[in-house]
Amino acid sequence: MNIDPNATKYMVKAKISADGVIDRPDVVGAIFGQTEGLLGDELDLRDLQKSGRIGRIEVETVTKGGKSEGIIYMSSSLDQVETVILASALETVDRVGPCKASVHVLGIEDVRVTKREKVVERAKELLNELMKQSEGSSTNLLNSVKQSVQVEEITTYGPDRCPAGPNVRDSEAIIIVEGRSDVLNLLKAGIKNAIAVEGTNIPKTVQDLSRERVVTAFTDGDRGGELILRELFQVAEVDFVARAPRAHEVEELSAKQIVKCLRNKVPGDQYMEMNNLSFEERSFDELDKFEPEGDYRRDRRDRDDRREERRDRRDRDDRREERRDRRDRDDRREERSRDRDERRKERFNNEALDKYRKKREERQEREEKELEVTPEPAKETLEEFLEEEPEAQELTPEETEFEQAAKDAAEEPAEEPVEEEKPKKSTKRKKDAEEKPKKSTKRKSKAVEEAPEEPAAEEPAEEPAEEPAEEPKEEPAEEETVVEKPKPKARSLRGKKIISDKVLTPEQEAYRDMLLELSTTHNANVLDADNKVIKQVAVKSLVNSLKEDGDEVSAIVFDGVISQRIIDVSSDKGIKIVVGTRKGNISKMPADVTIWTKEDLV
């Protein structure tokens with residue numbers, strides 16, 4: 001189809017249908033013949049075509065089954081009114097040659113609009129080329145170099161075709177964002193391991209990927225971001241959480257803001273605890289019984305109470321473990337001290353004594369072989385032997401040295417303060433030495449009388465009948481020793497040790513005693529200006545009680561964690577002092593409220 005560009009201002013498009021076989025010349029002739037003289041001389045088609053105000057009439061026909069159809073194109077450079085008159089005149093054609101025909105105008109197109117669109121598209125192309133050429137200027141040189149290195153083409157990942165950066169396949173850590181535009185913004189900032197979930201319905205690809213990689217959830221700072229985070233915590237494994245600033249979206253952030261948000265990420269468990277997020281499974285029967293107002297608040301208070309109880313139980317276990325460790329350290333220290341004293345005693349006393357006893361037993365065995373007489377049992381104390389032995393026989397120089405060492409060893413125990421480890425031998429020997437002075441004297445005299453006849457060989461034959469009979473009777477009584485047990489440390493009424501190293505004011509001491517009395521009760525005392533108890537309430541209903549009737553309250557003492565909500569209510573009600581077991585996560589601290597914990601007072 002050839003359209004004259006010189007006469008193209010409007011394009012008339014019409015449809016023709018004929019009950020026979022027709023060609024293009026037949027249609028053109030019918031149009032010129034049946035419209036001639038119809039619109040007057042000014043709108044005569046032949047004159048307008050000669051002057052170039054109307055272009056060539058183009059016809060495209062198709063014949064099928066003895067009938068023909070076609071499209072008529074007529075270009076016009078007239079104004080709108082004249083053009084629509086000519087278009088309506090085409091519908092007056094009712095015959096083409098011998099065939100009946102009908103013409104229906106489909107529409108009139110403003111060719112200038114199409115040209116404008118082409119102009120705009122071409123202008124955009126030219127502008128892009130011009131901007132690409134101008135990017136090499138000194139002002140945009142740095143940005144162009146950065147973008148050429150950092151910006152990568154966005155890809156898709158997994159069977160769900162999630163928009164993702166090029167490094168998601170190989171990176172050990174990934175960043176989960178909300179949409180495709182967030183991934184593009186992270187690519188501009190040089191972060192190429194981001195993947196988008198595209199809505200609150202988390203794809204299976206992201207769920208499986210979260211179990212294999214280190215996941216950081218980076219969401220918008222609005223309600224939608226919070227909902228996506230909740231669903232991620234339920235269906236995926238989130239290691240860290242990063243949020244855009246409040247009322248901002250990730251796709252609006254600059255590269256510096258993105259890096260700052262990712263550096264300020266928090267662990268997933270900590271984020272859930274900070275925002276009281278818990279996902280406990282509930283049956284549909286429980287959901288039917290759920291009351292929006294009362295049950296929700298009651299469940300939340302119960303969760304807070306259970307959390308505080310767990311913290312208190314953990315604190316008690318830690319304190320109990322610390323006391324147990326302290327006692328174990330003291331016991332080990334005492335045991336080391338006793339072992340050290342025992343080793344010192346054995347080193348200075350028993351070494352020479354054992355050598356001397358061994359030497360004496362060898363000598364007695366030789367005498368028994370020579371005389372074939374039952375020997376006298378070994379003497380139990382060094383004092384008895386030393387009293388009678390020098391008179392019985394003469395000692396060799398080596399034996400004299402052992403004897404002197406034994407005498408020194410016998411004199412040392414009197415100065416030793418520790419007698420607890422070996423009570424049997426020392427106590428028995430000492431008592432034998434006190435109870436048998438007569439026997440030793442008797443033995444001594446007999447040894448002197450019989451020495452000229454047989455040198456010290458008859459000594460053992462006279463004694464065996466006396467000593468063995470007395471020793472078994474005295475052993476049970478002497479073996480019992482009294483070991484002093486350490487006195488238990490002083491404790492309070494509830495079994496908690498009171499440490500009074502800190503200097504406290506009378507007011508602080510009163511708060512401390514009151515806090516110890518409330519320990520493990522989960523109750524709170526509401527005090528007036530004179531520190532008198534106005535009433536005692538449970539910790540879980542403390543906030544509601546202060547909101548309802550807290551105008552005359554000056555201080556509160558309770559067995560629980562000091563939370564931000566309690567601090568805010570105390571500041572609103574003019575409460576000056578808040579005393580609790582320990583301090584929780586408090587981000588905003590009023591200047592007119594004083595906080596004391598158990599660690600500060602005890």
Side-chain angles (χ1 to χ4, degrees), residues 140 142-277 279 585 587:
N140 297 327
L142 183 61
N143 294 333
S144 63
V145 173
K146 286 183 179 180
Q147 289 180 0
S148 64
V149 176
Q150 295 176 352
V151 176
E152 296 285 345
E153 290 293 334
I154 189 170
T155 61
T156 58
Y157 182 83
D160 297 321
R161 302 187 63 81
C162 300
N167 292 352
V168 169
R169 299 180 184 277
D170 304 326
S171 178
E172 296 182 357
I174 61 172
I175 300 174
I176 298 178
V177 295
E178 295 185 19
R180 180 186 180 88
S181 57
D182 298 340
V183 177
L184 290 173
N185 197 20
L186 291 179
L187 284 175
K188 292 180 181 178
I191 300 172
K192 304 175 183 179
N193 59 338
I195 185 170
V197 297
E198 292 188 320
T200 56
N201 188 12
I202 308 300
K204 183 68 174 176
T205 301
V206 177
Q207 297 179 21
D208 297 338
L209 198 61
S210 67
R211 298 181 180 91
E212 303 172 359
R213 314 286 179 87
V214 178
V215 176
T216 300
F218 189 18
T219 58
D220 298 340
D222 52 7
R223 177 67 176 172
E226 183 178 353
L227 295 177
I228 291 177
L229 271 180
R230 289 186 178 181
E231 185 172 355
L232 278 173
F233 277 119
Q234 291 179 358
V235 301
E237 296 181 4
V238 180
D239 299 303
F240 298 96
V241 175
R243 296 293 303 275
R246 188 180 297 274
H248 286 75
E249 298 181 356
V250 177
E251 61 187 51
E252 301 173 353
L253 301 180
S254 61
K256 185 176 181 180
Q257 290 175 324
I258 291 173
V259 174
K260 183 177 180 181
C261 292
L262 292 176
R263 285 179 179 174
N264 295 334
K265 63 184 179 182
V266 297
D269 298 338
Q270 181 180 350
Y271 181 84
M272 293 178 65
E273 184 177 355
M274 291 169 55
N275 294 273
N276 296 325
L277 296 179
F279 306 105
N585 295 327
S587 59

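If you read the sequence from its start, that first residue is 1, and numbering goes on from there.
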Under 6.0 Å from the CG atom of Asn585, do we count more than 12 heavy atoms belonging to anything else shown? no

If you count the non-hydrogen atoms of other residues, nucleotides and ligands that lie under 6.0 Å from CD in Glu212, is the total more than 12? yes

Quick check: does any side chain N or O of Asp160 sit under 3.5 Å from a backbone N or O of Pro203, one acting as donor and the other as acceptor? no

Minimum heavy-atom separation for Thr205 to Pro159, with atom names? OG1-CD, 3.4 Å

Would you compute the distance between atom OG1 of Thr216 and atom CG of Leu262 and round it to the nearest 0.5 angstrom? 7.5 Å

Spacing of Asn167 atom CG and Thr155 atom OG1 [to the nearest 0.5 Å]: 9.0 Å

Looking only at heavy atoms, which two atoms of Arg243 and Cys261 are closest? And how far apart? O-SG, 3.7 Å

Is a side-chain donor or acceptor of Arg230 paired with a backbone partner of Glu226 at a separation under 3.5 angstrom? no

Shortest non-hydrogen contact from Glu178 to Gly224? OE2-C, 4.4 Å

With a 4.5 Å limit on heavy-atom distance, are the side chains of Leu209 and Tyr157 in contact? yes

OG of Ser210 to CD1 of Ile202, rounded to nearest 0.5 Å, is 9.5 Å

Specify the closest pair of heavy atoms between Gly165 and Leu187, including all atoms of both residues, with the distance to one decimal. CA-CD2, 4.4 Å

Rounded distance [0.5 Å steps], NZ in Lys204 versus SG in Cys162: 13.0 Å

Atom pair CZ (Arg169) and CD1 (Ile174), whose distance is rounded to the nearest 0.5 Å: 12.5 Å

Side-chain contact, heavy-atom cut-off 4.5 Å: Lys265 with Val241? no

Rounded to the nearest 0.5 Å, what separates atom CD in Glu251 from atom CG in Asp220? 7.0 Å

Can you tell me if Asp182 uses its side chain to pair, donor with acceptor, with the backbone of Gly179 under 3.5 Å? yes

Take Phe240 and Val214, measure what side chain to side chain contact (heavy atoms under 4.5 Å, CB included) needs, and give me the verdict at the end. CA-CA 8 Å; Phe240 298 96; Val214 178; 4.0 Å; yes

The single option from Val238, Ile228, Asp269 passing side chain to side chain contact (heavy atoms under 4.5 Å, CB included) against Phe233: Val238

Hey, are the side chains of Asn193 and Ile175 touching, using non-hydrogen atoms and a 4.5 Å cut-off? yes

Smallest separation among heavy atoms of Pro163 and Ile154, with atom names: CB-CD1, 4.0 Å

Any donor-acceptor pair under 3.5 Å linking the side chain of Arg213 with the backbone of Val168? yes

Are the side chains of Leu253 and His248 in touch, meaning some heavy atoms are under 4.5 Å apart? yes

Heavy-atom side-chain contact between Ile191 and Phe218 under 4.5 Å: no

Looking only at heavy atoms, which two atoms of Arg211 and Val235 are closest? And how far apart? NH2-O, 3.6 Å

